[in-house]
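Below is one structure; the comments refer to it alone.
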Amino acid sequence: MNSFEYCCPTRILFGKGMESNVGKQVLKYSKKILLHYGGGSIKKTGLYDRIMESLNASGISVVELGGVKPNPRIALVREGIDLCRKEGIDFILAVGGGSVIDSAKAISVGIPYEGDPWDFFDGKATADSAVPIGVILTIPAAGSEASPGCVITNEDGDLKRSMGTELYIPRFSILNPEIAMSLPPEQLAYGATDILSHLMERYFTNVAHVELTDRLIEATMKTVINCVRRILDDYEDFDAWSELMWSGTVAHNGLLDTGRTGDWGSHAIEHELSGIYDIAHGAGLAIVFPAWMQYLYKHDIARFAQFAARVWNVDTDFFSLEETALEGIARLREFFESMGLATKLSGVDIDDTRLEEMARKCTHSGPVGNFVKLDEGAVLNVLKLAL
Ligand code: NZQ
Ligand code: ZN
């Protein structure tokens with residue numbers, strides 16, 4: 001087990017109706033805020049009205065910036081920074097999923113920074129201060145509601161890049177599972193795939209003696225799989241949505257990293273896919289992860305067999321652990337397909353024309369992944385297996 005430092009500073013308010021507390025939470029920080037949201041789902045569901053009621057009751061004045069797209073764009077981040085400076089905003093409330101939250105995070109570090117915010121994503125600058133943010137989460141998925149990560153797309157160059165800092169980790173995140181029940185089934189599938197992927201990125205490690213976090217990750221993976229099945233059976237199953245939503249936060253708030261080194265190669269490869277083709281992050285992961293596993297499971301057959309047995313209930317074949325390992329990968333693929341997702345690039349109409357470009361961009365600052373380090377040629381091989 002590795003030495004570690006762990007701190008998750010986000011206050012979580014979890015449960016039905018919790019968004020009615022937003023005014024009081026915001027008031028701890030500011031009386032004038034930016035309300036940042038996406039393409040309009042929050043207006044259709046009535047969430048927007050409930051939030052405004054709570055903010056008004058606390059006497060908070062609101063400047064709005066909607067229109068965040070999935071795979072959030074740097075152009076809107078720049079617009080948000082200008083707006084906040086002009087209006088003297090010192091707090092951002094993000095209402096949405098990973099895209100809205102990440103857009104808010106990028107604005108928050110961009111406000112006090114004199115240069116262009118893309119500098120943080122192409123490694124030219126490191127943030128040293130940020131405007132605080134709060135979150136009302138509407139989709140269990142990216143885990144951005146309690147993570148130091150932020151992923152932004154720059155259409156100039158088809159680039160999707162990430163940054164990480166503790167400066168903008170949300171001060172509070174409000175999680176009401178009822179809000180997620182208006183999600184279309186494909187967003188449920190993308191979100192669950194992302195949660196599972198965050199768990200698998202951590203699970204596949206070379207660090208020994210990580211039994212506690214192994215078991216916690218396995219339990220969270222089993223919970224996600226089970227809850228998705230329950231929700232697909234009954235979309236109104238509040239308890240299943242609750243477990244799924246909390247799993248999404250726990251999967252990515254750092255707890256399950258403690259003492260171990262995760263991989264993250266599949267995420268790096270997926271970001272190239274969604275950077276170029278603008279597909280949903282979860283849709284890309286459902287394709288990349290099985291291909292990544294197929295490419296390198298021999299690196300640690302015992303770990304893949306453990307994954308198969310403990311997460312997918314595969315009977316361990318002690319005469320051929322490889323068969324057990326392969327059955328685990330097959331069940332993961334079946335699970336993605338059971339949610340209606342493609343597990344091959346051809347299933348999302350992507351052919352081989354830009355594979356070399358993706359492999360090159362993905363490894364622009366060196367090999368990706370820790371479980372197995374993948375150079376440009378290896379990434380290309382993973383992508384070819386995904387065709
Ligand atoms: O924009 P609106 O109209 O709100 O619709 C959204 C959007 O179209 C819709 N939606 C969300 N909640 C809803 C709803 N529709 C109906 N009812 C609701 N309750 O869902 C669509 C997808 O939203 P998005 O925010 O893009 O989803 P997600 O949370 O999956 O975020 C994906 C982004 O997060 C990044 C991804 O790369 C991607 O850009 N990630 C961020 C991470 C982080 N910051 O730590 C880690 C992840 O690995 C990931 O890379
Ligand atoms: Zn992810």
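We count ligands from 1, going down the list as the structure has it; atoms in each ligand are counted the same way. Source: prediction; values computed, not measured.
- Contacts with ligand 1 closer than 4.0 Å are made by heavy atoms of both the backbone and the side chain of T138.
- Counting heavy atoms closer than 4.0 Å to ligand 1, residue K69 contributes nothing at all.
- Note: the hydrophobic cluster containing L244 also contains L199 (ILVMFWY, side chain heavy atoms under 4.5 Å, direct or indirect links).
- Regarding atom 40 (N) of ligand 1, its nearest protein heavy-atom neighbour is A142 CB, 3.7 Å.
- Scanning the protein for heavy atoms near atom 24 (P) of ligand 1, the closest one is S99 OG, 3.4 Å.
- For D90 and S30, the side-chain atoms include at least one donor-acceptor pair closer than 3.5 Å.
- Using a cut-off of 4.0 Å between Lys/Arg side-chain N and Asp/Glu carboxylate O, E327 and R331 are scored as salt-bridged.
- Close approach of ligand 1 to G38 (heavy-atom distance below 4.0 Å) involves ligand atoms 1 (O).
- Each of R73, K69, K160 was evaluated against E155; a single residue qualifies, R73, per the salt bridge (charged side-chain N to carboxylate O under 4.0 Å, His left out) test.
- Checked by distance only, ligand 1 and A180 stay at 3.5 Å or farther apart across all their nitrogen or oxygen atoms.
- Proximity to H267 (heavy-atom distance under 4.0 Å) selects the following atoms of ligand 1: 48 (O).
- Minimum heavy-atom separation, A286 to A342: CB-O, 3.8 Å.
- Contacts of H252 with ligand 1, taken as heavy-atom pairs under 4.0 Å, involve the side chain alone.
- Distances from atom 49 (C) of ligand 1 to the protein include at least one heavy-atom value under 4.0 Å.
- The distance from ligand 1 to the heavy atoms of C150 drops below 4.0 Å at these ligand atoms: 44 (N).
- For the 3.5 Å distance criterion, the side chains of H271 and S162 fail to qualify, holding no donor opposite an acceptor.
- Using cut-offs of 30° and 60° for the angle between ring planes, the Y297 and F304 rings count as perpendicular.
- In summary, the aromatic rings of Y113 and F120 are positioned with their centroids under 6.0 Å apart.
- Under the 4.5 Å side-chain criterion, counting only non-hydrogen atoms from C-beta, E376 is not in contact with E356.
- Close contacts of ligand 1 with G97, meaning ligand atoms under 4.0 Å from a residue heavy atom, involve 25 (O), 29 (O).
- Taking every non-hydrogen atom of P72 and a distance limit under 4.0 Å, the qualifying atoms of ligand 1 come out as 39 (O).
- Classification of the F14-W246 ring pair by plane angle, with boundaries at 30° and 60°, yields perpendicular.
- Looking only at atom types and distance, the side chain of E243 has no donor-acceptor partner in the side chain of N226 under 3.5 Å away.
- Of all the heavy atoms of S182, the ones lying under 4.0 Å from any atom of ligand 1 are found in both the backbone and the side chain.
- Checked against the 6.0 Å centroid threshold, F121 and W118 count as a close aromatic pair.
- Only the side chain of S147 comes within 4.0 Å of ligand 1, counting heavy atoms alone; its backbone N, CA, C and O stay farther away.
- For the residue pair T213/R260, the side-chain donor-acceptor check at 3.5 Å is satisfied.
- In the model, H299 has a side-chain atom that pairs as donor or acceptor with a side-chain atom of N206 under 3.5 Å.
- Under a 4.0 angstrom heavy-atom cut-off, G40 registers as being in contact with ligand 1.
- Atoms of ligand 1 found under 4.0 Å from any heavy atom of P70, numbered from 1 in the order shown, are 7 (C), 8 (O), 26 (O).
- Backbone or side-chain N, O or S atoms of D194 reach the Zn ion (ligand 2) at under 2.8 Å.
- By the criterion of a heavy-atom distance under 4.0 Å, neither the backbone nor the side chain of T153 is placed next to ligand 1.
- For M181, the heavy-atom gap to ligand 1 stays at 4.0 angstrom or more.
- Rounded to 10°, the angle formed at the Zn ion (ligand 2) by NE2 of H198 and NE2 of H281 is 170°.
- Ranking protein heavy atoms by distance to atom 41 (C) of ligand 1, first place goes to D102 OD2, 3.1 Å.
- Ranking the protein heavy atoms by distance from atom 13 (C) of ligand 1 puts L183 CD2, 3.2 Å first.
- S41 N, 3.0 Å is the protein heavy atom nearest to atom 3 (O) of ligand 1.
- In this structure, W292 and F371 have tilted ring planes: the angle between them lies in the 30° to 60° band.
- At the top of the distance list for atom 30 (O) of ligand 1, counting protein heavy atoms only, stands A141 CB, 3.4 Å.
- Residues L55 and L93 form a side-chain contact, since some pair of their non-hydrogen atoms from C-beta on lies under 4.5 Å apart.
- Taking all heavy atoms of E270, K160, K43 into account, the minimum distance to atom 37 (O) of ligand 1 is reached by K160.
- In this structure, atom 2 (P) of ligand 1 lies nearest to the protein heavy atom G39 N, 3.3 Å.
- Under a 4.0 Å heavy-atom criterion, D194 is in contact with ligand 1.
- Only the side chain of H271 comes within 4.0 Å of ligand 1, counting heavy atoms alone; its backbone N, CA, C and O stay farther away.
- With respect to atom 20 (O) of ligand 1, the closest heavy atom belonging to the protein is Q187 CD, 3.5 Å.
- When you scan the N, O or S atoms of H267 for the one nearest the Zn ion (ligand 2), you land on NE2.
- In this structure the side chain of D351 never reaches within 4.5 angstrom of the side chain of L345, judged on heavy atoms.
- Contact atoms of ligand 1 toward I179: 19 (N) (distance under 4.0 Å to a heavy atom of the residue).
- Side-chain atoms of Q306 and D214, non-hydrogen and from C-beta on, do get closer than 4.5 Å to each other.
- Contact atoms of ligand 1 toward N71: 39 (O) (distance under 4.0 Å to a heavy atom of the residue).
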